[in-house]
S.K.: 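Submitted below is the structure of interest, expressed as structure tokens.
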Amino acid sequence: MHPYSLKSSKGVPLPPRPTLVFLIALFGLYVCYLSFNQIRLENRGEENSAQGQTEHVCTRPFIQAEELPYVHFPKPESYNRAECSCTPVRFFVIVSMQRSGSGWFETLLNSHPNISSNGEIFNKMDRRENVSSILQTLDKLYNLDWLTSAAKNECTAAFGFKWMLNQGFMDHHDDILSYLNKKGVSVIFLFRRNTLRRLISVLANNYDRDAKQLNGTHKSHVHSEEEAEILAKFKPELDVSTLISNIRDVEKYMGDCLDRFNTTRRMILYYEDLISNRNALLRVQEFLGVPLRKLVSRQVKIHRRPLPDLVRNWEDVNSKLKGTEYARFLDGADYVK
């Protein structure tokens, strides 16, 4: 046979051309499908990795080295701070005594959108019955798991409370000092220079606790001029035989407190300065590391009259203190705004 003959040789017949084209196209689609799945899996892995980094790593603001011990990023158990998890929080405590202006001061702080001060959390005995209960309460609060009406939002920048000296603060001072320093808590000591006026306020408040002069209700703080005027009508009578010793004991109590907690990051503030010095509240905001704002309060002062109009036995009080180291309290000049 001629080598170039077109007569087909015997063997397995080839599939028709359309079928062959279809099989080739099907194989191509299968290869594309595998490639697409591989790309999708790689992208999903990158997305999951990026999401994990977003949840655990974020850009934090620059903080001076000396401020680092006092800046925190708490992770509360009762809610998720979400996008605020990288918002730094400064812990603080207001240390004071009853009738020293701490209630008014706290309302001023809470008027700031970035400050939450949560009141006297240790006014309940079960929270301060021993050192362990105190520290457990502090841990819960500074983990931002203490929810009160003072709580702003997840992005609060300064979080704290008010602690009276007679609410376990001085009884366990060594353990509390150690905790405050390890936890990086900033302390604001708020006292009253004129301890005579403080004593008058304490006695008047104690009287109203029983008398309940405002429609049968006891109020330590008021929000109207009318209520303040009603409470101010009562004039306590001071025991002049123990007056000087009482004043001396209070001043020693405050001095001992400042001495025992002198290693904390602290700010010493006086009620009279808050009233007479408009820059005092600016210094407080700088101390807490929050933006400067005008702070306001709805509270109305109760005892605004001169001292002779506040005490029933003023002549005896005046005679007792005149010529002593406490004569400076008699004119009340350090109180006038």
S.K.: How long is the gap from CD1 on Ile121 to CG on Leu141, to the nearest 0.5 Å?
M.R.: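 Spacing of CD1 (Ile121) from CG (Leu141) equals 4.5 Å.
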S.K.: Is it the case that one hydrophobic cluster holds both Met164 and Leu180, taking links as side-chain heavy atoms less than 4.5 Å apart, direct or via other members?
M.R.: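 Result: no, two separate clusters.
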S.K.: When you look at Asn130 and Ile134, which way does the side chain to side chain contact (heavy atoms under 4.5 Å, CB included) test go after all the steps?
M.R.: CA-CA 6 Å; Asn130 52 50; Ile134 290 176; over 6 Å; no
S.K.: Out of curiosity, does Val185 fall in the hydrophobic cluster containing Met170 (side-chain heavy atoms, cut-off under 4.5 Å, transitive links)?
M.R.: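 In one cluster: yes.
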S.K.: Within this structure, what is the CG-CG distance for the pair Leu243 and Asp239, rounded to the nearest 0.5 Å?
M.R.: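 Separation between the atoms: 8.0 Å.
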S.K.: Is the shortest distance from a Lys or Arg side-chain nitrogen in Lys320 or Asp316 to a carboxylate oxygen in the other one below 4.0 Å?
M.R.: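 A salt bridge is absent here (no side-chain N lies under 4.0 Å from a carboxylate O).
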S.K.: Looking at Glu272, is its backbone amide N or carbonyl O close enough to the side chain of Ser276 to form a donor-acceptor pair, meaning the two atoms are under 3.5 Å apart?
M.R.: yes
S.K.: In terms of hydrophobic clusters joined by side-chain contacts under 4.5 Å, are Leu282 and Leu295 together?
M.R.: no
S.K.: Determine, stepwise, if the pair Asn181 / Thr263 fulfils side chain to side chain contact (heavy atoms under 4.5 Å, CB included).
M.R.: CA-CA 8 Å; Asn181 284 334; Thr263 60; 3.3 Å; yes
S.K.: Indicate yes or no for a side-chain donor-acceptor contact from Ser117 to the backbone of Glu106 under 3.5 Å, with no hydrogens or angles considered.
M.R.: no
S.K.: Determine whether a donor-acceptor pair (N or O, by modelled atom type, separation under 3.5 Å) exists between the side chain of Asn118 and the backbone of Gly160.
M.R.: yes
S.K.: Is a salt bridge present between Glu229 and Arg305, judged by a nitrogen-to-oxygen distance below 4.0 Å?
M.R.: yes
S.K.: Determine yes or no for a side-chain-to-main-chain donor-acceptor pair under 3.5 angstrom, with His72 supplying the side chain and Pro74 the backbone.
M.R.: no
S.K.: Does some side-chain heavy atom of Lys183 sit less than 4.5 Å from a side-chain heavy atom of Phe91?
M.R.: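 Heavy-atom side-chain distance check passes, below 4.5 Å.
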S.K.: Should the pair Glu225-Lys301 be classified as a salt bridge under the 4.0 Å nitrogen-to-oxygen rule?
M.R.: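 No, this pair does not count.
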S.K.: The test is side chain to side chain contact (heavy atoms under 4.5 Å, CB included); show your working for Leu321 and Val240 and say whether it passes.
M.R.: CA-CA 9 Å; Leu321 295 183; Val240 294; over 6 Å; no
S.K.: For atom CD of Glu77, is the number of surrounding heavy atoms from other residues, nucleotides or ligands below 6.0 Å larger than 12?
M.R.: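 Count not over threshold, so no.
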S.K.: What distance do Lys219 atom NZ and Ser224 atom OG have between them, rounded to the nearest 0.5 Å?
M.R.: 7.0 Å
S.K.: Are Trp146 and Tyr179 grouped together when hydrophobic residues (ILVMFWY) are joined by side-chain heavy atoms under 4.5 angstrom apart?
M.R.: yes
S.K.: With a cut-off of 6.0 Å (strictly less than), are more than 12 heavy atoms of other residues, nucleotides or ligands near NZ of Lys124?
M.R.: no
S.K.: How far does CH2 of Trp104 sit from CD1 of Ile275, to the nearest 0.5 angstrom?
M.R.: 5.0 Å
S.K.: Could you check if a side-chain atom of Met254 sits within less than 4.5 angstrom of a side-chain atom of Phe189, using non-hydrogen atoms only?
M.R.: no
S.K.: Could you report the tightest heavy-atom contact between Asp126 and Ser133, atom names first, then the distance?
M.R.: O-CB, 3.7 Å
S.K.: How far apart are the closest heavy atoms of Leu147 and Ser78, and which atoms are they?
M.R.: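 Minimum heavy-atom separation between Leu147 and Ser78: CD1-OG, 4.4 Å.
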S.K.: Report yes or no: is the cationic atom of Arg193 (NZ for Lys, CZ for Arg) closer than 6.0 Å to the six-membered ring centre of Phe329, at no more than 45° off its axis?
M.R.: no
S.K.: For a quick check under 3.5 Å, do Tyr270 and Asn277 share a side-chain donor-acceptor pair by atom type?
M.R.: no
S.K.: Does Ser111 use its side chain to pair, donor to acceptor, with the backbone of Ser297 at less than 3.5 Å?
M.R.: no
S.K.: Just checking Arg298: does its CZ atom have more than 12 heavy atoms from other residues, nucleotides or ligands closer to it than 6.0 angstrom?
M.R.: no
S.K.: Look up atom CH2 in Trp314 and atom CG in Asp309, then write down how far apart they are to the nearest 0.5 Å.
M.R.: 10.0 Å
S.K.: Evaluate the side-chain proximity of Arg198 to Ser201: yes if any heavy-atom separation is below 4.5 Å, no if none is.
M.R.: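 Not touching, per the 4.5 Å side-chain cut-off.
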S.K.: Taking all non-hydrogen atoms of both residues, which atom of Lys235 and which atom of Val311 are closest, and how far apart?
M.R.: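 Taking every non-hydrogen atom into account, CB-C, 4.2 Å.
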S.K.: Does any non-hydrogen side-chain atom of Pro236 lie less than 4.5 Å from one of Tyr207?
M.R.: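 Not in contact.
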S.K.: Is Glu67 close to Arg90 at the side-chain level, that is, under 4.5 Å between some pair of heavy atoms?
M.R.: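 Of all side-chain heavy-atom pairs linking Glu67 with Arg90, at least one is under 4.5 Å.
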S.K.: Kindly give the heavy-atom pair with the smallest separation between Gln285 and Pro291, and that separation in Å.
M.R.: OE1-O, 3.2 Å
S.K.: For the residue pair Ile176 and Gly168, what are the closest heavy atoms and their distance?
M.R.: CD1-O, 3.4 Å
S.K.: How about CG on Asn262, more than 12 heavy atoms from neighbouring residues, nucleotides or ligands closer than 6.0 Å, or not?
M.R.: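 Result for CG/Asn262: enclosed.
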S.K.: Measure the shortest side-chain to side-chain distance between Cys257 and Phe191 over non-hydrogen atoms and say whether it is less than 4.5 angstrom.
M.R.: yes
S.K.: Between Phe261 and Phe169 (judged by ring centroids, cut-off 6.0 Å), do the two rings come close enough to count as a pair?
M.R.: yes
S.K.: Following the transitive rule for hydrophobic clusters with a side-chain heavy-atom cut-off under 4.5 Å over Ile, Leu, Val, Met, Phe, Trp and Tyr, establish whether Val300 and Leu310 coincide in one cluster.
M.R.: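 Per the 4.5 Å side-chain linkage, Val300 and Leu310 are not co-clustered.
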S.K.: Identify the heavy atoms of Ala232 and Ile302 that sit nearest to each other, and give their distance.
M.R.: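 The answer is CB-O, 3.4 Å.
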S.K.: I want to check something: taking the side chain as every heavy atom from C-beta on, are Tyr326 and Ile244 in contact at a cut-off of under 4.5 Å?
M.R.: yes
S.K.: As a quick check of understanding, evaluate salt bridge (charged side-chain N to carboxylate O under 4.0 Å, His left out) for Asp208 and Lys212, giving each step before the final call.
M.R.: CA-CA 5 Å; Asp208 186 69; Lys212 297 178 175 57; over 6 Å; no
S.K.: Under a 3.5 Å distance rule, please check whether Ser85 uses its side chain to pair with a backbone N or O of Arg81 as donor and acceptor.
M.R.: no
S.K.: Here's one to test your reading of the geometry: is the NZ or CZ of Arg127 within 45 degrees of the ring axis of Phe122 and under 6.0 Å from its centre?
M.R.: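 No, cation not above the ring by the 6.0 Å, 45° rule.
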S.K.: Side-chain contact test, heavy atoms from C-beta onward, threshold under 4.5 Å: evaluate it for Leu203 versus Phe234 and give yes or no.
M.R.: no
S.K.: Can a donor-acceptor pair be found, under 3.5 Å and without considering hydrogens, that links the side chain of Arg312 to the backbone of Leu238?
M.R.: no
S.K.: Please step through side chain to side chain contact (heavy atoms under 4.5 Å, CB included) for the pair Phe92 and Ile115, ending with a clear verdict.
M.R.: CA-CA 10 Å; Phe92 69 90; Ile115 300 177; 4.0 Å; yes
S.K.: Once you round to the nearest 0.5 Å, how far does CD of Gln167 lie from CD of Gln98?
M.R.: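 The CD atom of Gln167 sits 6.0 Å away from the CD atom of Gln98.
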